[in-house]
Amino acid sequence: SGLVATPQLRMQLLSPADELLILGCDGVWDVMDNDEAVTVVTSNSPSVTCKEIVESCAKRWDSSCEGLRCCSTSSLCTLYQLSSRRCACV
């Protein structure tokens, strides 16, 4: 484990049917799955959504490491609501 200098990349063509895009670091995706993130997104405004995702993930890291942050919880979450062209970042 540790830092990896080579990013994981994936190319994905977006279509008009795509509603949103959530970008997050491993500090997010290691403790939250896609379905849960989408549930959070669809129940809040973009700025509240990103904050809620990051805070929820930080709490999960804290509890899994008995109060010691074993992963960087300077997690980044960027949400793009494609249909409305709105964006939020935490």
Side-chain angles (χ1 to χ4, degrees):
S1 175
L3 275 181
V4 177
T6 307
Q8 295 178 358
L9 300 175
R10 176 180 167 190
M11 299 286 287
Q12 179 71 41
L13 292 176
L14 299 177
S15 75
D18 293 318
E19 295 180 26
L20 56 97
L21 173 66
I22 305 169
L23 300 176
C25 69
D26 63 339
V28 171
W29 302 119
D30 284 348
V31 294
M32 181 175 283
D33 65 29
N34 296 344
D35 291 335
E36 183 180 2
V38 169
T39 299
V40 172
V41 168
T42 57
S43 62
N44 292 302
S45 70
S47 59
V48 170
T49 293
C50 288
K51 185 176 181 182
E52 186 175 324
I53 288 173
V54 169
E55 287 177 354
S56 174
C57 292
K59 286 177 187 173
R60 292 174 193 192
W61 279 109
D62 286 347
S63 67
S64 70
C65 299
E66 299 178 8
L68 301 173
R69 291 206 170 155
C70 57
C71 178
S72 171
T73 51
S74 58
S75 300
L76 171 69
C77 171
T78 304
L79 167 67
Y80 296 95
Q81 288 187 318
L82 303 175
S83 59
S84 64
R85 300 191 184 277
R86 295 191 309 170
C87 175
C89 182
V90 170

Cluster overlap V40 with W29, hydrophobic side-chain contacts below 4.5 Å
yes
Please identify each residue that fulfils side chain to side chain donor-acceptor pair (under 3.5 Å) with S56, with sequence neighbours left out.
R60
Give, for atom CD1 of I22 and atom OG1 of T49, the distance between the pair rounded to the nearest 0.5 Å.
8.0 Å
